[in-house]
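One-based numbering, in listed order, for ligands and for the atoms of each.
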Amino acid sequence: MSGPSIVVRDLTKKFGSFTAVDRISFEVPKGEIFGFLGPNGAGKSTTIRMLCGILQPTSGEARVGGFSVTTESEEIKKIIGYMSQKFTLYNDLTVEENIAFHGGIRRLPPAVLAERKRWVLKMAGLVGRERALARELSGGWKQRLALGCAILHRPQILFLDEPTASVDPVSRRDFWDLIYELSGEGTTTFVTSHYMDEVERCHRLAIIYAGVIIALGSPRELKIRFAGAESASLEQVFVAAIGSARTA
Ligand SMILES: Nc1ncnc2c1ncn2[C@@H]1O[C@H](COP(=O)(O)OP(=O)(O)O)[C@@H](O)[C@H]1O
Ligand SMILES: [Mg+2]
C-alpha cells in the first residue's frame with residue numbers, strides 16, 4: 001500500500017447527545033509510532049475502536065491501510081493487530097495454547113504458525129515458559145504474550161490501547177523496545193497512553209481532551225510550541241495545551 005497508514009478526517013462519535021470524539025483529523029505515515037495522549041474519558045478508546053472497525057463513527061471518515069472504517073471494516077481487521085486495555089488472553093490456557101488459539105483465529109497454516117510461534121516466544125522473552133499458564137505470568141510477561149498474540153499474523157498496523165497501564169517500569173521499557181523493533185521493520189503503531197514519559201518515545205503525538213485534538217506534533221515541536229523550550233517536560237506541554245484549550 002502507498003500513502004499514509006492511517007488517514008482520519010473529521011471523525012466523530014456521539015453516544016446519544018454526548019460527543020465522545022469531536023471531528024478529529026490526522027494522518028499517520030507508514031512505520032511511525034504515533035501516540036494518543038489524554039486523560040481518562042478523553043475519547044482515546046472510542047477513537048481506537050473506530051479505527052479498528054469495531055465501532056461505527058457517527059460522522060466523518062477514516063481509512064486504515066487504505067480501507068474505509070465505514071464500508072470496509074472486515075478488510076481492516078485482516079491487516080491490523082489490536083491489543084485492548086483488557087489483554088485478550090485466556091488465563092486457563094498455557095502460553096503456547098494462547099498463541100495457538102490466536103493463530104487459529106487468524107487461520108495461520110500450521111507451518112506458518114510454528115514459525116511465528118518461535119518468533120513470538122523469542123521476541124517476548126517467553127522461551128522456556130511455553131507450558132506456563134497465562135494466569136501464572138506476572139504483568140510484564142502477560143503483556144508481552146498479549147502483544148505476541150496480537151502480532152502473530154504480522155499486521156501492517158498495530159493498535160495498542162494503554163498497553164502498559166498495569167506493568168512495572170522495567171517491563172514498560174522492554175515493551176517499548178519491542179515497539180521500536182516492529183517500527184524498524186515497517187509496522188505502524190498507534191498507541192494510547194496517559195503516561196507522559198511513555199509518549200515521549202513516540203515519533204509524533206496528539207493530545208486529545210474532551211474529544212478534541214488540542215495539540216499534534218513531535219515531542220520536541222510540542223515542547224517548543226507550548227512550553228517555549230526543548231528542555232520542557234511533556235507535563236508542562238500537557239498543562240499548557242489544556243489551559244489554552246479551556247480559554248479558547
Ligand atoms: N458505549 C458508550 N456509551 C456511552 N458513553 C460512552 C461509551 N463508550 C464511551 N463512552 C464515554 O465516552 C467518553 C470517552 O470514553 P473513552 O473513549 O473510553 O475514553 P478514554 O479511553 O480516553 O479514557 C467517556 O465519557 C465515556 O464515558
Ligand atoms: Mg480508554
Side-chain angles (χ1 to χ4, degrees), residues 6-26 28 33-64 69-70 73 76-77 80-89 139-140 142-143 146-147 149-150 155 157-168 171-172 175-176 179 188-202 204-217 219 222 226 234-235 237-246 248:
I6 304 173
V7 178
V8 177
R9 292 276 177 268
D10 295 324
L11 193 67
T12 299
K13 183 67 190 181
K14 294 185 178 179
F15 295 110
S17 60
F18 173 73
T19 305
V21 174
D22 195 1
R23 286 172 296 159
I24 61 170
S25 300
F26 59 88
V28 183
I33 302 173
F34 185 84
F36 212 50
L37 176 69
N40 278 330
K44 302 182 297 295
S45 296
T46 303
T47 300
I48 233 173
R49 289 165 66 213
M50 287 193 280
L51 295 180
C52 291
I54 299 165
L55 185 69
Q56 278 296 303
T58 307
S59 61
E61 174 62 297
R63 301 188 83 84
V64 172
V69 297
T70 51
S73 60
I76 291 175
K77 286 172 191 155
I80 64 162
Y82 170 53
M83 189 171 143
S84 69
Q85 275 170 283
K86 299 187 195 82
F87 304 156
T88 39
L89 293 177
K142 239 185 193 158
Q143 174 212 36
L147 177 69
C149 290
I157 306 167
L158 188 56
F159 290 94
L160 306 172
D161 196 0
E162 301 204 18
T164 60
S166 57
V167 304
D168 61 273
S171 301
R172 245 202 285 164
F175 186 80
W176 273 85
I179 302 301
T188 307
T189 301
F190 181 98
V191 55
T192 77
S193 180
H194 58 249
Y195 292 117
M196 316 278 169
D197 61 330
E198 185 162 82
V199 286
E200 183 98 50
R201 308 188 59 179
C202 294
R204 285 191 311 145
L205 60 107
I207 299 178
I208 181 168
Y209 178 68
V212 178
I213 290 182
I214 57 171
L216 198 161
L222 294 184
F226 286 93
L234 276 179
E235 255 103 349
V237 171
F238 192 70
V239 170
I242 288 178
S244 51
R246 279 194 176 137

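Contact annotation: Gly43 has at least one heavy atom less than 4.0 Å from an atom of ligand 1.
The protein atom (non-hydrogen) at minimum distance from atom 24 (C) of ligand 1 is Gly41 O, 3.8 Å.
Considering backbone and side-chain atoms alike, Ser45 places an N or O below 3.5 Å from some N or O of ligand 1. Taking only nitrogen or oxygen atoms, main chain and side chain alike, Lys44 reaches within less than 3.5 Å of ligand 1. Where the criterion is an N or O separation shorter than 3.5 Å, residue side chain and backbone included, Thr46 meets it with respect to ligand 1. At a 3.5 angstrom cut-off on N or O pairs, Ala42 counts as close to ligand 1.
Cation-pi contact between Arg172 and Tyr195: present, with separation from the ring centre below 6.0 Å and deviation from the ring axis of at most 45°.
With a 4.5 Å cut-off on side-chain heavy atoms, Lys13 and Arg49 do not count as touching. Between Tyr82 and Pro155 there is no side-chain heavy-atom pair separated by less than 4.5 Å. Contact check for Val199 versus Pro219: no side-chain heavy atoms found under the 4.5 Å cut-off.
Relative orientation of the Phe36 and Phe190 rings is tilted, given thresholds of 30° and 60° on the angle between their planes.
Within the 4.0 Å cut-off (strictly below), no protein heavy atom is located near atom 26 (C) of ligand 1.
With hydrogens and angles left out, the side-chain atoms of Ser171 and Gln143 include no donor and acceptor closer than 3.5 Å.
The distance from ligand 1 to the heavy atoms of Pro39 drops below 4.0 Å at these ligand atoms: 22 (O). Each of the following atoms of ligand 1 lies closer than 4.0 Å to a heavy atom of Asn40: 23 (O).
Distances from the Mg ion (ligand 2) show that Ser45 has an N/O/S atom below 2.8 Å.
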Problem - Worked verdict on Phe34 versus Ile6 for side-chain contact (heavy atoms from CB on, under 4.5 Å) - result: CA-CA 10 Å; Phe34 185 84; Ile6 304 173; over 6 Å; no
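Paired with Met83 under the rule side-chain contact (heavy atoms from CB on, under 4.5 Å), one option of Ile48, Leu158, Leu160 passes, and it is Leu160.
Atom 9 (C) of ligand 1 has its nearest heavy-atom neighbour, among Tyr209, Phe15, Phe36, Phe18, in Phe15.
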